[in-house]
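Counting starts at 1 for both ligands and their atoms, in listed order.
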Amino acid sequence: MRFGPLLLGGEREDFLANDPVDVFVIGGGINGACIARDAAGRGYTVTLAEMNDLASGTSSASTKLIHGGLRYLEFYEFRLVRESLLERETLWAAAPHIIRPMRFVLPHHAGLRPAWLLRLGLFIYDHLGGRRKLPPTKSLDLTQDEAGKPLKPQYSRAFEYSDCWVDDARLVVQNAVSAAALGATVLTRTRVTSARREGDLWRVTTEAATASREFSARLLVNAAGPWVDEVLRSAISGANSQNVRLVQGSHIVVTKKFAHDRAYFFQNTDGRIFFAIPYEQDFTLVGTTDRDYEGDPGAAAISREEIEYLCAGTSQYFREPVTPSDVVWAYSGVRPLFDDGATKAQEATRDYVLKTDSGGDRAPCINIFGGKITTARRLAEAVLDEIGLLIGGRGKPWTASAPLPGGDFAFDGFDALVAALRNQWSFLEADHATRLARLYGTTARQILGAAASPAELGRHFGANLYECEVRHLMANEWAETAEDVLWRRTKLGLRLTSEQVQELRDWMADAQIALSVPGKRVAG
Ligand code: FAD
């Protein structure tokens, strides 16, 4: 695995790589990470620069569904829905640790979309996208079914259909880990400040905390998500930068509202839909809102109005009302949708659009707009087709059948993996083994190493987070801060106390210093 070189203390390094890379990717969200992985696997030389942490943009703020998008059928987005549906089982097979099937309960009632319309939509959903392993739609009698218990008695009928759940931030990191293992250089906390053409090469300037650097590349991919226009405007000056429609969506995490493992798909009286999803064992995730956004995408935050909207929407369905005091965490993300001129935010296309600036006889650039977590792998294949046309083809599509790191076990083998971990490391509690298997899959074995007791896992920071896991994340997954560990590599931020967070912060700061002293390594 190749990481970006470690640059030391305060110096400003002007570094011009003599050897241009084939592809320079701006942005370490799902799209950038998938493109870097696919390109590296086909034999291109690749550098990816992410200005913050991997998945620190939209790609950790999604509803976390690998889904066709039932509601997109209403906007006749059949191409997108079909491609997304097909991706569900492909991604599940490639990453059965971080992706799992989920059933969705969709109550129907008078006044909103009629039952026949929902049935028709679900029939299309079941048959449009090559469903093989996921079970089909069925009808539910909520007066008898467990799923009816938390709901108000007027909801007596529902449909139940299949989609998948994904740990979005980990999907990004696993793609980046795979890209690095295939030879890509992945630089985090490295902002691209300028990209200019010099003949058939790009000169790309980056700024990191300790150094400014210059790279040369044959082709530039602008996968900066909601910043895609900003990159066009400020870094690649002179380019058309009025393409993206920013749409904010927020979620709340509330104390657990129901005991079963299915999710709810609710319709609101304003015609919008939202989900209530079992989350991190003890919580329920509710979202999303959908509204146009202006300003810095990094500053998007949930408003009081959005919290109240989501609480009121959920309370229409659950017997026990959901109130703002139930909210333990909230997050907000900005969709970088292609501006297709739709009137309402929720009607703007979710499909991706690639805009190639072939550069004539000068260096080419591919700009990426829109897309979904679900379609990022397919988007990467489309980008690789384009790269092939622009700088010469290499390799063939390969990611559909290649497991992501830690995902090299059977799609239905999760319980067996947990059992195997507990068998080999007999001191592991069930919830600890399950958490490690969910986040790391078979890579959990590397993290646990030769430990024969909890004491040998190193310092305990709380909630089963041990030093060996943090060391692994710092050494192999670009984690630098406690926030990286607690909110993107894991969701243990929901469980650690503020004192425990501070302890982790202090420990990681010391470990970073150890890492940056030549000859010293944090990872054992
Ligand atoms: P990002 O993840 O934002 O990545 C872009 C990266 O570029 C950022 O990390 C940023 O820091 C970096 N960057 C920007 N400028 C620079 C620069 N100058 N130099 C270096 N780096 C830079 N999709 C689904 O499939 N399923 C869902 O359930 C789902 N739910 C969603 C719910 C909400 C509320 C939202 C907002 C989106 C949802 N999506 C969902 C869509 C999906 O999350 C996005 O399409 C996807 O995350 C976009 O990824 P990206 O890589 O384009 O952008």
Under a plain distance cut-off of 3.5 Å, with no hydrogens placed, do [Y] and [X] share a side-chain donor-acceptor pair?
X	Y	value
Ser162	Arg103	yes
Asp168	Ser60	no
Asn243	Asn367	no
Asp270	Tyr309	yes
Thr356	Glu386	yes
Thr188	Glu50	no
Trp398	Asp38	yes

Using side-chain contact (heavy atoms from CB on, under 4.5 Å), reason through Val247 and Asp292 one step at a time and then give a plain yes or no. CA-CA 4 Å; Val247 175; Asp292 282 310; 3.8 Å; yes
Would [X] count as a contact of ligand 1 if the rule is a heavy atom under 4.0 Å away?
X	answer
Ala223	yes
Glu230	no
Thr206	no

Has ligand 1 got any nitrogen or oxygen that is less than 3.5 angstrom from a nitrogen or oxygen of [X]?
X	value
Thr58	yes
Thr374	yes
Gly371	yes
Ile30	yes
Trp227	no
Asn31	yes

Test of ring centre spacing under 6.0 Å for Phe318 and Phe266: yes
Checking a contact table here: which protein heavy atom is nearest [atom], and how many Å away?
atom	value
atom 7 (O) of ligand 1	Gly27 CA, 3.2 Å
atom 8 (C) of ligand 1	Glu50 OE1, 3.3 Å
atom 19 (N) of ligand 1	Val192 N, 3.0 Å
atom 39 (N) of ligand 1	Arg335 NH1, 3.6 Å
atom 26 (N) of ligand 1	Leu65 O, 2.7 Å
atom 21 (N) of ligand 1	Met51 N, 3.0 Å
atom 53 (O) of ligand 1	Gly225 CA, 3.4 Å
atom 23 (N) of ligand 1	Ile373 N, 3.2 Å

At under 4.0 Å between heavy atoms, what of Gln248 touches ligand 1? The answer is neither
Is ligand 1 under 4.0 Å from a heavy atom in the side chain of Thr375, in the backbone, in both, or in neither? neither
[X], [atom1]: over 12 other non-hydrogen atoms inside 6.0 angstrom:
X	atom1	answer
Glu198	CD	yes
Arg262	CZ	yes
Glu308	CD	yes

Just do the side-chain hydrogen bond (donor to acceptor under 3.5 Å, both in side chains) check on Thr289 and Glu306 with the steps written out, would you? CA-CA 7 Å; Thr289 55; Glu306 285 175 290; 2.6 Å; yes
What atoms in ligand 1 come closer than 4.0 Å to a heavy atom of [X]?
X	value
Ala49	20 (C), 21 (N)
Ala224	5 (C), 7 (O), 14 (C), 15 (N)
Gly249	34 (C)
Gly333	36 (C)
His67	26 (N), 27 (C), 28 (O)
Ala61	33 (C), 34 (C)
Lys64	28 (O)
Thr190	20 (C)

Stepwise, does the side-chain contact (heavy atoms from CB on, under 4.5 Å) test hold for Thr288 with Phe274? CA-CA 6 Å; Thr288 172; Phe274 63 101; over 6 Å; no
Could you go through residues 369-377 and list every donor-acceptor pair under 3.5 Å that involves a side-chain atom there, pairing it with any protein atom two or more places apart or in another chain?
| unit_1 | atom_1 | unit_2 | atom_2 | d |
| --- | --- | --- | --- | --- |
| Lys372 | NZ | His67 | O | 2.8 |
| Lys372 | NZ | Ser84 | OG | 3.3 |
| Thr374 | OG1 | Leu65 | O | 3.3 |
| Thr374 | OG1 | His67 | N | 3.3 |
| Thr375 | OG1 | Lys372 | N | 3.3 |
| Thr375 | OG1 | Lys372 | O | 3.4 |
| Arg377 | NE | Glu87 | OE1 | 2.9 |
| Arg377 | NH1 | Glu381 | OE2 | 2.8 |
| Arg377 | NH1 | Thr399 | OG1 | 3.0 |
| Arg377 | NH2 | Glu87 | OE2 | 2.8 |

Could you name the option among Ser62, Ser59, Gly29 that has the heavy atom nearest to atom 49 (O) of ligand 1? Ser59
How about Arg213 and Val204: do any of their side-chain heavy atoms sit closer than 4.5 Å? no
